Amino acid sequence: MTATARTATPDRTDVIVVGAGPVGLLLAGDLRRAGARVTVLEQLTAPTTESRASTLHTRTMEILAERGVLDRLGPLPDGGPGHFGGLPLDLRTAVPGHPYAGQWKCPQTRLEAALHTWATGLGAWVRRGHAVTGLHQYPDRVVVSGIELGAGPRRFAASYVVGCDGERSTVRQLAGFDFPGDDATLEMLRADVAGIGIPDRRFERHPHGLATAHRWPDGTTRVMVHLHGTPPGPRTGPPSFDEVVAAWAKVTGEDIGHGTPVWLNAFDDTTRQADRYVKGRVVLAGDAAHVQMPVGGQALNLGLQDAAALGHRLAALATGRPAEAGAGLDDYDRLRHRVGARTLTGIRAQSRLLLGGPEVEGLRAVLAELLGLDQAQGHLARAISGVDLLPPHDTQGAAA
């Protein structure tokens, strides 16, 4: 078949999901569970091996358990009590006695692999090496055009398209969503390093900045470091290991330059949220809809909870079934936008408390006193854990 012929008639499905990360794969599996045909388009030709997120919260654990994905992951280690801007916060107080109270550790690579097996086992079609380049909405469908790497142009048609393609979302840009917010003012460097032996640290504050270190079971050590008074610079890629080494030495006085970097990354406090999550037949979920500093693992959890709230709603519309009251895309838009806005506000507060210099010490002292009150601790723990807006058993996500 010639390239011209391949682009003439688009492949047809019910829903196209752009992005095969955890959010896109969870959504694809939910769509298939509800009877919708789904094609996932992913630009990467193979799953990422980058470490990325590693924390799962109570609401997310419920979502994964209800779908049988938690069993595929096997036993997960307890992630400890949690924090709010570096101040101790026991997340188990969110839902005392709940089997998934607290937080749990699972590397994103492991979660993504389990979700891929689950979603494709249900019949989701994941097509890697497909870069989306165009999107056109019609009254009854959306047509997505792109490039299949190594093969040429392709076109796909569906009743709906969902952008789960991250903070630089092509879908969001092509569909013309507004994406207001604030640019970065604070930055943190992180790396997984082999061959170093330094003490574990948890948000250790020093005159020149903040340092965190945790040794993984495989012997590598994750280091995270922030330098006070150093604004984020323009980046086209991850920081160099030399940059991480220099920052770590200035903050802690330790030399980790003899180690071997396995993964390098920088993240900042850029905060943006799409003005809406639904525009005609195009929907956003995860970091395509909101960008935030990944404090306490909330970014991944927020995105997975978006997907869980969207799947059953979208499947009903895509397959022509009547939507239940309160289960349409307008409800998804309204509810998840509200949850996202509230979460981003909390993350902004945490970012300042965590990475601020001496000027935030008074705020930290006052908040530490408040967190000694059961009511205050429970309130924040429920918000972070994702269980404050719905009963724990509501694993369809209809209320949030």
Side-chain angles (χ1 to χ4, degrees), residues 15 17 20-36 38 40 53-79 91-92 94-108 110-124 126 162 164 283 285-286 297-319 321 323-324 326-327 331-332 335-336 339 343 381-400:
V15 180
V17 175
V23 174
L25 291 170
L26 179 66
L27 176 60
D30 274 3
L31 289 166
R32 284 300 303 138
R33 287 201 311 159
V38 58
V40 182
S54 61
T55 299
L56 301 177
H57 293 144
T58 303
R59 174 75 182 114
T60 304
M61 293 285 283
E62 290 179 336
I63 290 168
L64 298 176
E66 195 275 337
R67 290 152 178 77
V69 177
L70 202 56
D71 290 339
R72 295 172 182 266
L73 293 172
L76 299 179
D78 189 325
L91 295 180
R92 292 170 296 188
V95 193
H98 191 289
Y100 307 127
Q103 59 181 356
W104 306 83
K105 304 304 289 186
C106 178
Q108 183 170 323
R110 182 177 169 189
L111 175 62
E112 190 172 309
L115 286 169
H116 181 275
T117 301
W118 171 72
T120 55
L122 290 169
V126 178
V162 186
C164 299
V283 187
Q298 286 181 265
L300 173 62
N301 287 270
L302 183 62
L304 290 170
Q305 291 161 33
D306 287 344
L310 176 60
H312 63 290
R313 290 179 162 96
L314 187 56
L317 292 171
T319 57
R321 300 196 308 272
E324 299 176 5
D331 299 287
Y332 165 77
L335 293 168
R336 292 311 299 173
V339 172
T343 302
R382 285 188 292 274
I384 291 173
S385 300
V387 297
D388 58 332
L389 297 178
L390 74 167
H393 63 274
D394 183 4
T395 50
Q396 287 296 320

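No experiment lies behind these values; they were computed from the predicted model shown. Heads up: numbering here begins at 1 and tracks the sequence.
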Peer 1: Nearest 0.5 angstrom please: His98 NE2 to Arg59 CZ, how far?
Peer 2: 9.0 Å
Peer 1: Should Arg67 and Glu62 count as an ion pair when the cut-off is N to O under 4.0 Å?
Peer 2: no
Peer 1: Does any non-hydrogen side-chain atom of Asp71 lie less than 4.5 Å from one of Leu64?
Peer 2: no
Peer 1: Looking only at heavy atoms, which two atoms of Asp306 and Gly286 are closest? And how far apart?
Peer 2: OD2-N, 3.1 Å
Peer 1: First locate atom CG of Leu310, then atom CG of Asp331, and finally report the distance between them rounded to the nearest 0.5 Å.
Peer 2: 12.0 Å
Peer 1: Evaluate the side-chain proximity of Val95 to Ser385: yes if any heavy-atom separation is below 4.5 Å, no if none is.
Peer 2: no
Peer 1: Can you find a heavy atom in the side chain of Pro22 that is under 4.5 Å from one in the side chain of Gln108?
Peer 2: yes
Peer 1: What are the two closest non-hydrogen atoms of Ala308 and Asp30, and how far apart are they?
Peer 2: CA-OD2, 3.9 Å
Peer 1: Hey, does Leu91 have a side-chain heavy atom less than 4.5 Å from the side chain of Thr58?
Peer 2: no
Peer 1: Would you tell me whether Gln305 and Thr60 have side-chain atoms, one donor and one acceptor, within less than 3.5 Å of each other?
Peer 2: yes
Peer 1: Show the nearest heavy-atom pair for residues Leu73 and Cys106, with the distance to one decimal.
Peer 2: CD2-SG, 4.0 Å
Peer 1: How long is the gap from SG on Cys164 to CG on Leu27, to the nearest 0.5 Å?
Peer 2: 5.0 Å
Peer 1: What distance do Met61 atom CE and Trp104 atom CH2 have between them, rounded to the nearest 0.5 Å?
Peer 2: 5.5 Å
Peer 1: Taking all heavy atoms of Val387 and all of Ala94, pick out the closest pair and write down the distance.
Peer 2: CG2-CB, 4.2 Å
Peer 1: Could you please spell out the steps behind the side chain to side chain contact (heavy atoms under 4.5 Å, CB included) verdict for Leu76 and Leu70?
Peer 2: CA-CA 9 Å; Leu76 299 179; Leu70 202 56; 4.0 Å; yes
Peer 1: Under 3.5 Å, is there a donor-acceptor pair between the side chain of Arg32 and the main chain of Ala36?
Peer 2: yes
Peer 1: Which heavy atom of Ala34 sits nearest to which heavy atom of Ala315, and what is that distance?
Peer 2: CB-CB, 3.3 Å
Peer 1: Let me confirm one number: the CG-CG distance from Leu115 to Leu304, rounded to the nearest 0.5 Å.
Peer 2: 7.0 Å
Peer 1: If I take atom NE2 from residue His312 and atom OH from residue Tyr332, how far apart are they, to the nearest 0.5 angstrom?
Peer 2: 11.5 Å
Peer 1: Is there side-chain contact between Leu56 and Leu111, with at least one heavy-atom pair below 4.5 Å?
Peer 2: yes
Peer 1: Ignoring hydrogens, what is the shortest heavy-atom contact between Ala28 and Val40? Give both atom names and the distance.
Peer 2: CB-CG2, 3.6 Å
Peer 1: Is any side-chain heavy atom of Leu25 less than 4.5 Å from a side-chain heavy atom of Val126?
Peer 2: yes
Peer 1: Is the closest side-chain donor-acceptor distance between His57 and Gln298 under 3.5 Å?
Peer 2: no
Peer 1: For the pair Thr55 and Leu300, evaluate side chain to side chain contact (heavy atoms under 4.5 Å, CB included) and give the outcome as yes or no after the intermediate values.
Peer 2: CA-CA 8 Å; Thr55 299; Leu300 173 62; over 6 Å; no
